[in-house]
Amino acid sequence: MAFFTHLTRRSLAQSAAMANAIKNVTVIGSGLMGAGIAQVAAQTGHSVTMVDIDPVAVGKAEKRIADSISRVAKKKFGEGDEATKFVSESLSRLRTSTDAVASVESADLVVEAIVENLKTKKELFSKLDNAAPAHTIFASNTSSIPIAKIAEATNRLDRFGGLHFFNPVPVMKLLEVIKTSETSQATADAITAWGKAMGKAIVHCKDTPGFIVNRVFVPYLLSCIRLLDEEVATRADIDLAIKLGLEYPMGPLELLDYLGIDTIYNICKEWREAYPDMPEFQIPPLLERMISEGRFGKKIGKGFYDYKDQVVFG
Ligand code: CAA
Ligand code: NAD
């Protein structure tokens, strides 16, 4: 008993030390997810560098972050000085860059949130592996790609894990932490402790298709696209039915527009490659048509619905 108490005390102390160890965070990708992750990391006291290959995307992300931090501040502190201080201190911890390699030189943790494409992610991590210090932990926010397949591009399999956040990151409380068969326990403990420091509720998961949530959630979304394609009901009635019938905050088609139709499509494509025998991830023809018509969702102003005046990346 004393032995176990001793071990528990030691592992708690180690976890606390590791949480403290992650101070400098580099987030690669400044799209919907990268901007959200960078924002919450800055809000929770980390020194953050947010990187994107596209300087225009960085500028747009900075604007979205400023708007979102103001909403968070208003909710936490109302309108007074405390809210202003929270916003200015959070923003002062956030830097931006278009140079991924230079941005990892003093990183304790790199969280990748770029386009959902295995080849692109591997190319990025292979470059970062040569530039980052030995202690730096790498994590991917991929929705669908096996973490071990991305980690193959590096020589730090023990310091590589999955950190799957949910959209919108400043609001959604959950974080899935994924440990591959090669991820060390020290790395898993460190990213878990960091996730807690980010204010998230943590669940642990093996490196399996869609982890926990997307394994259930993406097939549900695809079923709703098929309902529309089969003209079972109008888009508005499908959304209203699910929203009120299941008490969900958004209808599935509205939510698909919010998440990014291109991202959902890429998730399905990556799944088809990695797990060809799983029928639940087959791409509905309507989703293919939406991609060919460039209907990528709210972020570009058109998806299942039109959002001329509310383009997220505008
Ligand atoms: N930043 C900061 N705060 C925000 C915010 C943002 N971007 N968006 C919403 N909020 C907060 C605000 O504080 C707001 O409170 P106030 O009214 O005080 O400002 C509160 O949330 C409610 O926001 P809204 O009134 O604008 O709208 P809403 O009530 O419809 O909530 C929503 C918006 C949070 C997005 C909600 O509709 C929702 O939860 N939708 C479902 C999202 C979801 O299912 N996400 C998971 C997707 S799966 C995934 O991410 C994984 C994957 O790999 C694909
Ligand atoms: P997004 O399209 O909004 O943003 C992707 C960003 O990555 C773009 O700004 C792009 O310029 C940048 N990028 C592309 N290649 C790059 C490179 N080599 N180096 C640096 N930047 C690069 O995508 P998103 O919705 O933020 O998704 C990002 C990741 O998060 C994907 O892996 C996705 O599956 C995952 N994810 C998405 C959601 C969601 O709801 N959208 C939820 C959870 C996880």
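Computed from heavy atoms alone, side chains included, the values below leave out hydrogens, waters and symmetry copies. Everything quoted here is computed from the prediction, not taken from an experiment. Indexing begins at 1, ligand by ligand and atom by atom, following the structure's order.
When each atom of ligand 2 is checked for a heavy atom of His164 under 4.0 Å away, the hits are 43 (C), 44 (C). Close contacts of ligand 2 with Asn167, meaning ligand atoms under 4.0 Å from a residue heavy atom, involve 39 (C), 40 (O), 41 (N).
At a heavy-atom distance under 4.0 Å, no atom of Ile145 approaches ligand 2. When heavy-atom distances to ligand 2 are checked against a 4.0 Å cut-off, Glu123 has no atom that comes that close, whether in backbone or side chain. Contacts with ligand 2 closer than 4.0 Å are made by heavy atoms of both the backbone and the side chain of Asn141. Under 4.0 angstrom from ligand 2, the non-hydrogen atoms of Phe165 all belong to its backbone. Heavy atoms from both the backbone and the side chain of Leu259 come within less than 4.0 Å of ligand 2.
In this structure, Phe296 has its ring center at least 6.0 angstrom away from the ring center of Tyr265.
Close N/O approach between Gly29 and ligand 2 is not found [any backbone or side-chain N/O within under 3.5 Å]. Of the N or O atoms in Glu112, none lie within a sub-3.5 Å distance of an N or O in ligand 2. Checked by distance only, ligand 2 and Ile267 stay at 3.5 Å or farther apart across all their nitrogen or oxygen atoms. When only interatomic distances are considered, the shortest N/O to N/O separation between Lys299 and ligand 2 falls below 3.5 Å. Between Ile53 and ligand 2, an N or O atom pair is found at a separation short of 3.5 Å. For the pair Ser30 and ligand 2, the shortest N or O to N or O distance does not fall below 3.5 Å. Checking only distances, Val51 never comes within under 3.5 Å of ligand 2, N or O to N or O. An N or O contact shorter than 3.5 Å links Ser143 to ligand 2 by distance.
Every protein residue with a heavy atom nearer than 4.0 Å to ligand 1 is included here: Ser68, Arg71, Val72, Lys75, Ser143, His164, Phe166, Asn167, Pro168, Pro170, Val171, Met172, Asn214, Phe217, Pro249, Met250, Leu255, Tyr258, Leu259.
Ligand 2 has at least one atom lying under 4.0 Å from a heavy atom of Ala113.
Glu112 has its side chain out of reach of Ile37: every pair of non-hydrogen atoms, C-beta onward, lies at least 4.5 Å apart. Contact annotation: the side chain of Phe165 never approaches that of Met172 to less than 4.5 Å [non-hydrogen atoms, C-beta and beyond].
Checked by atom type and distance alone, the side chain of Lys23 never pairs as donor or acceptor with a backbone atom of Asp108 at under 3.5 Å.
Partners of Glu280 by side chain to side chain donor-acceptor pair (under 3.5 Å), not counting sequence neighbours: none found.
Ring geometry for Tyr220 against Phe217 counts as tilted: the plane angle lies between 30° and 60°, on a 0 to 90° scale.
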